[in-house]
Amino acid sequence: GQTQNLKNNSSRGGKVIGWNKEGQLVNLPESVTQGDVTQMNSSWKNAIFLKENGDVVVLGDSSYGQLDIPEDARHGVSAVDINNGYSVALKNGEVITWGKTGPNKRLWPPDSVKSGVNAISAGMSHVMALKNGGEVVSFGCADYWPLCPQLPLPYVPKAAQSGVSAIAAGDLFSLALKDGGVIAWGEYNEGNINPPDAVSSDVVAIDASGYTGLALKKDGSVITWGEETGPGGCMNPPDAVSSDVVAIDGGGGFPAASALLKNGEVITWGCTEYPDRFYESGIGALGGFTYHIATGTNEPFYYAIQDLSM
């Protein structure tokens, strides 16, 4: 979810920065480095950015029309997300999608999300929307793309049909935050839909990365479960995120994650060859992990928003 899970929203605009596996800053287009980006998300070869004035910018690959932002999603937008070749925007309570929207237009928004929505989250092949009354609506494909036309729309369990405060869509599974506890459902993979007791209360933010769930606790610690979280698993949280964390971000389909500490330091971990710490003063929000959108480089990198007012 974008407006509820504290993962990637800045109260004011900032400059987007990115860094490679050596911890070196990479060049980004001027469209996202002028100090007016408030929100961003990434997945594979694309990233999407929201500016202070509600304008939307998409960078990266356009094999499925990802860069062809529809007219009604170019301005006045309040939240954005991106995953697996398609984008989602929220405007005046309505969900808008474009790009790889799937066979039979399964990722086209149904009537139920054309008003009254306050948060969105894009999974690998399904979209979650959170209605103003706390109801979760899900649409798209419940399984991989080739089977889309034969499968029902993703279901939502009764527990997530009211009182939900945040959402997060992963690879074929969904997360919801309700009364401080995590609800999970969807395709089972290494325990991803069986959240541990540690996230049954006092959770303030959630996200998903591939088949891994992430939760930020009230005490500032990060909990993960699911894929690659067993003994020696690369998605197990490092000691550096056991306290003082204020925001979390999943890898947009990658087994990777990042966390923002109170002091503006970013901690990254996952199944990558990336440094586990990065410090650049005044980090205000996280951007995640992506490929191919930095100028002059084809390597993957993490990125974040730097608050220029600090």
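If you run side chain to side chain contact (heavy atoms under 4.5 Å, CB included) between S87 and each of I96, N46, I82, V56, only I82 comes through. Partner of I120 under the side chain to side chain contact (heavy atoms under 4.5 Å, CB included) criterion, chosen from V88, V113, T97: V88.
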Please lay out, stage by stage, how L214 and D249 fare under the test side chain to side chain contact (heavy atoms under 4.5 Å, CB included). CA-CA 8 Å; L214 297 90; D249 191 273; over 6 Å; no

Does the side chain to side chain contact (heavy atoms under 4.5 Å, CB included) test come out yes or no for D36 and N53, once each step is laid out? CA-CA 8 Å; D36 59 351; N53 62 1; 5.7 Å; no

Derivation of the side chain to side chain contact (heavy atoms under 4.5 Å, CB included) call for L261 and V245: CA-CA 4 Å; L261 301 184; V245 175; 3.7 Å; yes

What's the verdict on side chain to side chain contact (heavy atoms under 4.5 Å, CB included) for Y64 and Y86, showing C-alpha distance, side-chain angles and the deciding distance? CA-CA 8 Å; Y64 301 99; Y86 75 95; over 6 Å; no

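Atoms CD1 and CG, on I193 and L172 in that order, are 11.0 Å from each other to the nearest 0.5 Å. Note that CG of L59 is 7.5 Å distant from CG of L67, once rounded to the nearest 0.5 Å. Expressed to the nearest 0.5 Å, how far OG1 of T268 lies from CG of L286 amounts to 10.5 Å. How far CG of L216 is from OG of S221: 7.0 Å, rounded to the nearest 0.5 Å. Annotation: the span from D61 atom CG to K100 atom NZ amounts to 10.5 Å, rounded to 0.5 Å. Taken to the nearest 0.5 Å, the CG atom of N118 stands 10.0 Å off from the OG atom of S165.
Judged by distance alone, with hydrogens and angles left aside, the side-chain atoms of N194 form no donor-acceptor pair with the main-chain N or O of G191 at under 3.5 Å. The backbone N or O of G226 lies less than 3.5 Å from no partner atom in the side chain of T212, so there is not a single donor-acceptor pair. Distance alone, capped at 3.5 Å, is enough to place a donor-acceptor pair between the K178 side chain and the A159 backbone. Side-chain atoms of K131 never come within 3.5 Å of backbone atoms of V137 as a donor-acceptor pair (strictly under, hydrogens ignored). Here the side chain of K51 pairs no donor or acceptor atom with the backbone of V57 at under 3.5 angstrom. One N or O on the side chain of N84 and one on the backbone of M124 form a donor-acceptor pair closer than 3.5 Å. Side chain of W225 to backbone of A215: no donor-acceptor contact under 3.5 angstrom is found. N236 places no side-chain N or O within 3.5 Å of a backbone atom of T224 that could act as its donor or acceptor partner. Counting only distance, with no hydrogens or angles, the side chain of N41 and the backbone of V80 share a donor-acceptor pair below 3.5 Å. For E52 (side chain) and G13 (main-chain N/O), a donor-acceptor pair under 3.5 Å exists by modelled atom type.
Remark: E71 engages R74 in a salt bridge, criterion side-chain N to carboxylate O under 4.0 Å.
Contact record, G186 with Y155: N-OH, 3.8 Å, taken as the closest heavy-atom pair. Residues A169 and G123 share a closest heavy-atom pair of CB-N, 3.3 Å. Listed here is the closest heavy atom pair of H126 and G170: CE1-O, 3.6 Å. Listed here is the closest heavy atom pair of P195 and V199: CB-CG2, 3.5 Å. Minimum interatomic distance between D207 and L175 (heavy atoms only, all atoms of both residues): O-CD1, 3.4 Å. Closest approach of M128 to A168, counting heavy atoms only: SD-O, 3.4 Å.
Side-chain contact between D219 and D202: absent, with no pair of heavy atoms (C-beta onward) separated by less than 4.5 Å.
Under the 4.5 Å side-chain heavy-atom criterion for Ile, Leu, Val, Met, Phe, Trp and Tyr, M40 and V246 are members of the same hydrophobic cluster. A continuous path of hydrophobic side-chain contacts links V26 to I17 [ILVMFWY only; heavy atoms under 4.5 Å].
More than 12 heavy atoms of other shown residues, nucleotides or ligands fall within 6.0 angstrom of atom CG in N263.
With sequence neighbours excluded, no residue forms a ring pair (Phe, Tyr, Trp, His ring centres under 6.0 Å) with W98.
Using bins of under 30°, 30° to 60° and over 60° for the plane-to-plane angle, the ring pair F49/Y303 lands in the tilted bin. Using a 30° and 60° split on the angle between ring planes, W19 and Y302 fall in the parallel class, below 30°.
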